[in-house]
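Reading through the structure tokens given below for one structure.
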Protein chains: 2
Amino acid sequence: MGLSNVKDTRERILDVAERLFAFHGFHYTSLRRITTEAGANLAAVNYHFGSKEALLEEVFKRRLIPLNTIRREKLEAVRDRAAKEERLPRPDELLRAFIEPTIRFCCLEPGSEHFSTLVGRALAEPDSTVRNIFIQHIMPLFSLLFELLQSALPDLDRNTVFWRLQFAMGSTTHVMRMLGKRELLPPGLVREMESGGVDLDILVENLLGFVTAGMEL
Amino acid sequence: MGLSNVKDTRERILDVAERLFAFHGFHYTSLRRITTEAGANLAAVNYHFGSKEALLEEVFKRRLIPLNTIRREKLEAVRDRAAKEERLPRPDELLRAFIEPTIRFCCLEPGSEHFSTLVGRALAEPDSTVRNIFIQHIMPLFSLLFELLQSALPDLDRNTVFWRLQFAMGSTTHVMRMLGKRELLPPGLVREMESGGVDLDILVENLLGFVTAGMEL
DNA sequence: GTCTATAGATTGATAGAC
DNA sequence: GTCTATCAATCTATAGAC
């Protein structure tokens, strides 16, 4: 959008697509609905992106590239600090370095309120083409985290670390999905969420406590 | 299917639909493909079930009704045993009573090899109509588990127990999804899975250890 | 119960004027 | 870059013969 304060068509389409893909899923969201809500012409998606799938890839890349930079820096900072102090990195600081920015990204980066939900659903997406677009962009960072976690837990074998990390990823993505939906809330519970919303600080600490306990078990 | 050893059309459609819904998702699976693979006519789905959505509901009900009976009995057994021994139920035995049959159901009930994947995806389904069909059938049991967990953890407030249970459900459903897919496996890792498959016994124990540690934290 | 045939709607994509 | 118009494919669902 450059210096203008009005976003151009391409940017508006990305914003609307991100929100609709997050809340209704890729296959349930038609290009007609995206372009209509973005105030653009139906043909604009194919002009600017080439296809619906290419649009999804751009939606991911726009946020994942800066987010991955943040997470990589934090992970490497934990690794380097441990090295300088001549000790192993601890699982809790590694998990925090990865998970905290993942969940908080919606607050750090303005306009990405719905990206959390989108990412939370990405791994559960049934269509492998769609799922692979996401996996391709997340895999290098996931591998780094896995590698560092192994060095942090030298007494555990690869399989055990791998599965515990999967359990932690399951908890994390489930939380990310829930932040956008509430059908799972038991009747009569947590009505305070309705009024004040979820306290993200407390939620992140609860989540980190949970996965750290299971990881260090 | 009664006494015949050949399943009737209705049953064959349910089997194929379960598998295709699990691996490709509800919206990505057409009635044409289901009926073709089931060796039935396209119109058979609407004759036997009324609609595609009603078919999905039958796919869920066929397995969830017996599975829920098992889980309820196990949960109530834990509760009653604790009451007889005049103590509180423990979180680990409650989680085991719920999670173990959930994951092992594919082995207990012949023909339900793909139901695990389907359930693992159900909560992440973007379409709320589809998601609600599942939630409606699982909610009573989830509420029972939540209630018993609260009594097992009297020092924790409702919100904390609620979120920890959500974290555990996230881990569990993520595992159920992964049992059918392997794109997330880091390159070069866990090749033994390819040959021997995942050892379900070890996986279940790892998962229960992980979520119990986080729950009792 | 099973079949053919088709209605009726929606989709992603594109050609071509401006 | 944006628009209209439309194509070609797909889908669920149903009517009606057998």
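To find a chain, count down the sequence lines: A is the first, B the second, and so on, and within it residues start at 1.
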#### Entry: Plane angle bin for Phe142(B) and Phe162(B) - parallel if under 30°, tilted between 30 and 60°, otherwise perpendicular
perpendicular
### Query
Out of His24(A), Glu37(A), His114(A), which residue meets the side chain to side chain donor-acceptor pair (under 3.5 Å) rule with Arg19(A)?
Glu37(A)
#### Entry: Lys74(A) and Glu100(A) ion-paired at < 4.0 Å
no
### Task
Starting at the 5' end of nucleotides 4-18 of chain C, put B wherever the base has a protein heavy atom under 4.0 Å, S where only the sugar-phosphate does, and a dash everywhere else.
B------BBBB----
### Task
Indicate the ring-plane relationship of Phe134(B) and Phe60(B), choosing parallel, tilted or perpendicular according to the 30° and 60° boundaries.
tilted
### Task
Answer yes or no: does a side-chain N or O of Thr9(A) lie under 4.0 Å from OP1 or OP2 of dT2(D)?
yes
### Message
Please enumerate all residues that pass ring pair (Phe, Tyr, Trp, His ring centres under 6.0 Å) together with Phe21(B), with sequence neighbours excluded.
### Response
Phe26(B)
